[in-house]
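Sequence lines set the chain letters: A, B, ... in the order given, protein chains first and strands last, and positions in each chain run from 1. Note that the coordinates shown come from a computational prediction; the quantities given were computed from them, not determined experimentally.
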Protein chains: 2
Amino acid sequence: MNSTRRFGPENSATRTLLLDATAQLMLDEGYAAVSTRRVAKIVGLTPALVHYYFRTTDDLLVALYRRTTEQNLERLKAAQNSPAPLTALWELSADAVRTSLTIEFMALANHRKAIKVEIARYAEFARGMQAHAVAQVLGDGMLATDFPPIGVTVLIAAVARSLVMEENVGIHGGHAEARAIVELLLRRAQPDHAPKLPPAPAS
Amino acid sequence: MNSTRRFGPENSATRTLLLDATAQLMLDEGYAAVSTRRVAKIVGLTPALVHYYFRTTDDLLVALYRRTTEQNLERLKAAQNSPAPLTALWELSADAVRTSLTIEFMALANHRKAIKVEIARYAEFARGMQAHAVAQVLGDGMLATDFPPIGVTVLIAAVARSLVMEENVGIHGGHAEARAIVELLLRRAQPDHAPKLPPAPAS
DNA sequence: GTCTATAGTTCGATAGAC
DNA sequence: GTCTATCGAACTATAGAC
């Protein structure tokens, strides 16, 4: 029950390197490629050291997920203050690297249940933040009746994520057209911030 | 080079059982849970038998992917002949089991490169079929200029897939609203097939 | 068609040396 | 803080018996 095992601190440079290597592995080869041995090899250290900083492999993955979501949350806050929050959310969600990592975690959730609860908890929280920003744009007139902000939020993130997922697999057909449609709709919903010609002289 | 190894025929009942078990494993525990041992155990046979029907584990996965896509293609053809192809595509893409398996394969593609090429090839083919059906609804007026059929096709499938992916992880916030928006838009795009009240008497 | 047996890998996790 | 050494488990793939 009580073992002699020791563990390292959370504010360690090596620990950070191990998390970086884990992210790289997930992106390059998928979550199933993550093992203490392979992570250690990337950093040039030994597998035992991974277990010094992370009790189990699950702990390593959860730690990476938390670090990733904290970074995502900061980006979200910045997007919230953008003059065109819908566009900001769209561009944030369409970021290939960041979103690819999120997708990998969502797939991992099916294999490692410890990840699953972590993801659901964060996602609902972030979604609330996003919806708040979207609501500021849509107002609460008839537009908001047909297009509730939380629904629009879900749709924007959903489309962006699927496009990233498809591109990762080498599917590109119709993507340019789909992006054009989304951007057209975003311009219509944010008329105040669409690019404009200078006002014509009064006649 | 030339080994004594033997292989079983493709039209074998056991082979079908092994593919079924593989699909079940992928759905229940993710692609990383698929191994010859676990697949064999589900069916109540030995790992060696899996290698009798499938040379490698990659071959097993590719075979399952092909079988799955063939079934999906048949559904697609049926949807094409629906009076409301947009809705049919939406409902087909929102099918949780079928789509969950597709998502699992897309994640797997990052880990097993043999799967990746297979997926891209099928997806582009299916997308063309879908776009053809969508084009019949949208016509080629101004609507089709702003909303090219292939783009609409991508968007419908993208939203559906992301919603399934989120629900698998336990994220539900905003889904009802998002679905309502999609269905509202589908009704608008397919006015001929929207549910109608009986015509009012001429006044 | 299905099995046993087995060689060779990779993995997670731990104790204890340095 | 990092390493060596190690146990036990799970995995792929193959040959050959039944």
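- For the pair Tyr53(B) and dT2(C), the criterion of a side-chain N or O lying under 4.0 Å from OP1 or OP2 is met.
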**Prompt:** Please walk me through it: do Gln80(B) and His132(B) pass side-chain hydrogen bond (donor to acceptor under 3.5 Å, both in side chains)?
**Reply:** CA-CA 8 Å; Gln80(B) 233 175 354; His132(B) 181 74; 5.0 Å; no
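- The CZ atom of Phe54(B) sits 18 Å away from the P atom of dC11(D) (whole-angstrom rounding).
- Side-chain N/O atoms of His172(A) and Glu167(A) include no donor and acceptor closer than 3.5 Å.
- Annotation for Arg179(B) and Ala94(B): closest pair NH1-CB, 4.4 Å, computed over non-hydrogen atoms.
- The side chain of Ala48(B) has dC3(C) as its nearest neighbour among dG1(C), dC3(C), dT12(D).
- Rounded to whole Å, the distance from CG on Leu25(B) to C1' on dA10(D) is 14 Å.
- When all heavy atoms of Gly170(B) and Glu124(A) are compared, the pair lying nearest together is O-OE2, 3.9 Å.
- The nearest whole Å value for the distance from the CG atom in Asp58(A) to the C1' atom in dA13(C) is 13 Å.
- Taking only side-chain nitrogens and oxygens, Tyr52(A) never comes nearer than 4.0 Å to OP1 or OP2 of dT2(D).
- Leu49(B) places its CG atom 17 Å from the C1' atom of dC11(D), with the value rounded to the nearest Å.
- Atom pair Asp59(A):CG and dG12(C):P shows a separation of 13 Å (rounding to whole Å applied).
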Identify each atom pair where a protein N or O and an N or O of nucleotides 16-18 of chain D are less than 3.5 Å apart, giving names and distance.
{"unit_1": "dA17(D)", "atom_1": "N6", "unit_2": "Arg6(B)", "atom_2": "NH2", "d": "3.2"}

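- Contact between the side-chain N/O atoms of Thr57(B) and the OP1/OP2 oxygens of dA13(D) is found at a separation under 4.0 Å.
- Ion pairing of Asp95(A) with Arg161(A) is absent here, as no side-chain N (NZ or NE/NH1/NH2) approaches a carboxylate O to less than 4.0 Å.
- The separation between His111(B) atom NE2 and dT12(D) atom P is 10 Å, rounded to whole Å.
- What separates CG of Leu61(B) from P of dC11(D) is a distance of 14 Å, to the nearest Å.
- Rounded to whole angstrom, the span from the NE2 atom of His51(A) across to the P atom of dA5(D) amounts to 18 Å.
- Across Tyr31(B) and Glu104(B), no two heavy atoms sit closer than the pair N-OE2, 3.1 Å.
- Heavy atoms only, all atoms of each residue included: His51(A) and Arg55(A) are closest at ND1-O, 3.3 Å.
- Both Gly8(B) and Arg37(B) sit near DNA chain C, but only Gly8(B) has its closest nucleotide nearer the 5' end.
- Residue Arg38(A) is classed as a sugar-phosphate contact, given heavy-atom separations below 4.0 Å to backbone atoms only.
- Taking only side-chain nitrogens and oxygens, Thr46(B) comes nearer than 4.0 Å to OP1 or OP2 of dC3(C).
- Residue Thr14(B) is classed as a sugar-phosphate contact, given heavy-atom separations below 4.0 Å to backbone atoms only.
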